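Worksheet for the structure shown next.
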Protein chains: 2
Amino acid sequence: MSSHEKGNQHMAHKYETVAAGIRATIAESMAPHDALPSERELMAIYGVSRMTVRQAIAKLSEEGRVYNVHGSGTYVGSTDLFSKSPKLTSFTEDMMSRGYSASSRVLAVSRVEADDVVARALELVAGSECTHIRRLRLADGNPMAIEDVYLPTTILDIEQFNLGDSLYEQLRTSGHEVYRAEQEIQAITLNEERSRLLEVEPGSAALCVSRVSSSRRGQLIEYARTIYRADRYTFQLAVTRENDR
Amino acid sequence: MSSHEKGNQHMAHKYETVAAGIRATIAESMAPHDALPSERELMAIYGVSRMTVRQAIAKLSEEGRVYNVHGSGTYVGSTDLFSKSPKLTSFTEDMMSRGYSASSRVLAVSRVEADDVVARALELVAGSECTHIRRLRLADGNPMAIEDVYLPTTILDIEQFNLGDSLYEQLRTSGHEVYRAEQEIQAITLNEERSRLLEVEPGSAALCVSRVSSSRRGQLIEYARTIYRADRYTFQLAVTRENDR
DNA sequence: AAGTGGTCTAGACCACCGC
DNA sequence: CGGTGGTCTAGACCACTTC
């Protein structure tokens, strides 16, 4: 990298610089379970205080790149494993990370009254107006999933929606950035209509992911239900012990 | 609470005391989106330094109980939502949190040679010896899931296994505490044998969760495959945007 | 006993929000 | 502009691992 590698936006903080340096060191010259320099040594190496070193290590630890052993040291995490920590991604991002090119075919855009499921999920009074978008999602041109998204018209009305652009991007620019989502994953049996869209036999199993997305402040933004072909899609996530009460 | 409320083990750290205090305050007298006292005020209230306050707030934020807005304040999170963050749980814990009583019927315990799937998952050479445990998992006495667990005999050999006790507990006491797991969730169609065990129609959809568990240091401990009745079980998790590279 | 990470203090300045 | 959270410093002591 040249000398101006931090051209990303607001100028990097020190702990990000330290984390990036450690990341690079690991990638270039360290193996799993090798010990990192001690926090005191890292202070000297990067010319920062201990708290800044610890903040950098905390970040790397969240990423699964290192792990701490109290009283012993900080070590490089096992390879292969890791980096699959549950992350909120768009369909496009998800497919890209799996090595597919994503595309989609809009099947319907309409203004509807919220049914029981949608109303309960978005905490609306029954019958509230919602924008409904149904899309067939394709990976490398092949049917992968059917996605139904419901948004309160107060968040995004039908005229505002631009079919070409990313929905998440449109929400972000209109001040409704999705920050958090609760997801429920279940196995279902495909009915005739859905199996035809996904080009599989009726009665096949499929993975159904229901999602309620909210902003950083907790405002409910969308309810989405995505039905994936079971033979082409699996849901992966990493979990750790902890997360008290 | 009386004056000795911290009888749990090693004596609570200050930030845990502060976090507990804030948690109690929220539960007793605050509503979602109410502003917490500022960090400077909390310093005075609890008689600690700012960093300790921030550590407490960071913990509450992870738990989803509060959220920060830079330049504005720290606020109580939306209720209902939250607390479903992905956590590593045993079947028993999982069922308890859903309000069921868990039990199980051991179907088989044997020493087997690792097949391709197990060997690859646990990074063993093909044909290595493993302990295999198959159990039917019940919730309130009704079939809920079929669980197959494979452990290298070097981790747990068949004679050491005690059918009565929790497997995770036995692993913990023998120095192989499970800390992290990678899971893959897919939808499958039940074959005849599995549908009989789960007491559903052959050909029904089911949720299959495959898990590779490892210790804090990255040692691979177990490969487990659990097949849940789709009509009784859904997998829930919360995710947030973030988690860079 | 020496070295490590874990907690904690008492300051400081910066970036951002709302008035 | 004042108040808020975000970053950072230069120390200190504690708990744990290792020898």
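Owing to the predicted nature of the structure, the values given are computational and were not obtained by experimental measurement. Within every chain, numbering begins at 1; the chains are lettered A, B, ... in the order of the sequence lines, protein sequences first and strands thereafter.
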Query raised in the report: Roughly how many Å is it from CD in Glu39(B) to C1' in dA15(C), rounded to a whole number?
Result: 14 Å
Report summary line: Residues at least two apart in sequence or cross-chain that pass side-chain contact (heavy atoms from CB on, under 4.5 Å) with Asp157(A), listed by chain then number, are Arg111(A), Thr131(A), Thr153(A), Glu159(A), Gln160(A)
Query raised in the report: Considering all heavy atoms of both residues, which atom of Ser90(B) and which atom of Glu93(B) are nearest to each other, and what is their separation?
Result: N-OE1, 3.0 Å
Requested in this report: Return the value, rounded to whole Å, for the distance between atom CZ of Arg40(A) and atom P of dG3(C).
Outcome: 11 Å
Query raised in the report: Would you say a side-chain N or O of Ser49(A) is under 4.0 Å from OP1 or OP2 of dC8(D)?
Result: no
Query - Side chain of His13(B) - closest among dT7(C), dT9(C), dT9(D) - result: dT7(C)
Query raised in the report: Rounded to the nearest Å, what distance is computed from the CD1 atom of residue Ile57(B) to the P atom of nucleotide dG6(D)?
Result: 8 Å
Requested in this report: Please name all residues satisfying ring-ring contact (aromatic ring centres under 6.0 Å, His included) with Tyr233(B), sequence neighbours left out, ordered by chain then number.
Outcome: Tyr228(B)
Query - Atom pair distance, as rounded to whole Å: NZ in Lys14(A) and C1' in dC14(C) - result: 12 Å
Report summary line: Hits for side chain to side chain donor-acceptor pair (under 3.5 Å) against His132(B), two or more places apart or cross-chain, chain-then-number order -> Asp148(B)
Query - Given dC8(D), dT9(C), dG5(D), the nucleotide with the shortest approach to the side chain of Gln55(A) - result: dC8(D)
Report summary line: Between CZ of Arg50(A) and P of dT7(D) the distance, given in whole Å, is 19 Å
Query raised in the report: When you match Met51(A) and Leu36(B) each to their closest nucleotide on DNA chain D, which lands nearer the 5' end?
Result: Leu36(B)
Query raised in the report: Any side-chain N or O of Tyr15(B) less than 4.0 Å from the OP1 or OP2 oxygen of dT7(C)?
Result: yes
Query raised in the report: For the pair made of NZ in Lys59(A) and P in dG6(D), what is the distance, rounded to whole Å?
Result: 15 Å
Requested in this report: Take atom CZ of Arg54(B) and atom C1' of dC14(C), then tell me their distance rounded to the nearest Å.
Outcome: 13 Å
Requested in this report: Apply salt bridge (charged side-chain N to carboxylate O under 4.0 Å, His left out) to Arg50(A) and list each qualifying residue two or more places apart in sequence or on a separate chain.
Outcome: Glu39(A)
Please produce a list of atom pairs where a protein N or O lies less than 3.5 Å from an N or O of nucleotides 17-19 of chain D.
unit_1, atom_1, unit_2, atom_2, d
dT17(D), O4', Gly71(A), O, 3.2

Query - Which residue lies more 5' along DNA chain D, comparing Pro37(B) with Thr52(A) via nearest heavy atoms - result: Pro37(B)
Query - Contacts of type side-chain contact (heavy atoms from CB on, under 4.5 Å), residue Thr74(B), not counting sequence neighbours - result: Leu36(B), Ile57(B), Val66(B), Asn68(B)
